[in-house]
Amino acid sequence: MLIKTIGSQRFKAIVSAYGANPERWPAYERAAALEFCRKSPQKANQMMREAQEVDSLLGFLKAPQASEALHWQTLGLMMPQGAAVLPFTPRSTLKSPFVWMTGASLAAACAAGIIFGLSLSLHSIVDQRVQDVLVQTSIVDLEN
């Protein structure tokens, strides 16, 4: 396996962006970054210590939670000016004639396919029986 090499600037960029934990580093650069740690342990340790300090500070922070009012306010800002917001009223789709017609047509198509398939299989069975009878009669004719 070919491991690409990275320099101290790229290693610092990786550690600054993803933290000191190698499991968070991009998979395609992890091996090269670990190789840099092995080849230049002093530089790597210094950069990792700085990243660990930031990681520990970020570990204490809690992700902010948006209130419901902020949520609706943000949605209101995203709406075009003058657009009316209509209340959503779900309607029953089972009462729609389109749904019933679609379901009935699908059922009819399935039934037609089953009947057509059975009809073809019955014709092939009849043809096979006729063929068997003809073969048996030709065998009887050859014996006489």
Side-chain angles (χ1 to χ4, degrees), residues 1-139 142:
M1 180 170 102
L2 179 65
I3 298 176
K4 79 174 195 177
T5 58
I6 61 173
S8 62
Q9 288 181 334
R10 180 61 192 150
F11 182 77
K12 184 171 182 152
I14 291 171
V15 171
S16 296
Y18 298 100
N21 186 356
E23 292 177 1
R24 291 192 218 137
W25 298 346
Y28 62 92
E29 289 185 309
R30 188 175 302 138
L34 290 172
E35 182 66 21
F36 177 82
C37 289
R38 192 183 63 76
K39 286 184 178 179
S40 304
Q42 291 177 340
K43 288 182 184 178
N45 285 337
Q46 180 186 359
M47 292 181 214
M48 296 275 275
R49 271 193 303 274
E50 292 171 6
Q52 285 173 343
E53 290 173 10
V54 174
D55 287 349
S56 66
L57 290 175
L58 290 175
F60 287 115
L61 296 178
K62 186 176 133 184
Q65 298 293 323
S67 66
E68 188 174 350
L70 179 62
H71 170 76
W72 290 111
Q73 182 183 6
T74 306
L75 285 178
L77 292 173
M78 293 172 54
M79 296 288 291
Q81 294 298 324
V85 178
L86 301 175
F88 175 72
T89 54
R91 62 181 196 145
S92 175
T93 55
L94 295 178
K95 293 179 182 176
S96 171
F98 177 74
V99 172
W100 287 104
M101 289 174 49
T102 303
S105 61
L106 285 173
C110 289
I114 290 171
I115 292 170
F116 184 70
L118 286 174
S119 143
L120 283 179
S121 65
L122 290 176
H123 284 299
S124 64
I125 291 172
V126 169
D127 290 344
Q128 184 64 38
R129 286 185 182 165
V130 169
Q131 188 69 26
D132 289 344
V133 169
L134 289 175
V135 168
Q136 289 174 359
T137 55
S138 65
I139 291 174
L142 291 176

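In this text the structure is predicted, and so the values were computed from the model without any measurement.
- In this structure, OG in S40 is found 10.5 Å from CG in N45, a value given to the nearest 0.5 Å.
- When all heavy atoms of W25 and A20 are compared, the pair lying nearest together is CZ2-O, 3.9 Å.
- The two residues G19 and A51 have their closest heavy-atom pair at C-CB, 4.2 Å.
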Step-by-step side-chain contact (heavy atoms from CB on, under 4.5 Å) determination, T5 to E35: CA-CA 8 Å; T5 58; E35 182 66 21; 5.7 Å; no
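- Across I14 and P26, no two heavy atoms sit closer than the pair CG2-CD, 4.3 Å.
- Just one of Q128, R129, Q136 meets the side-chain hydrogen bond (donor to acceptor under 3.5 Å, both in side chains) condition when paired with D132; it is Q128.
- Rounding to the nearest 0.5 Å places CE of M47 at 9.0 Å from SG of C37.
- Nearest heavy-atom pair across D55 and N21 is OD2-N, 4.3 Å.
- Between F11 and A33, the shortest heavy-atom contact is CE1-O, 3.7 Å.
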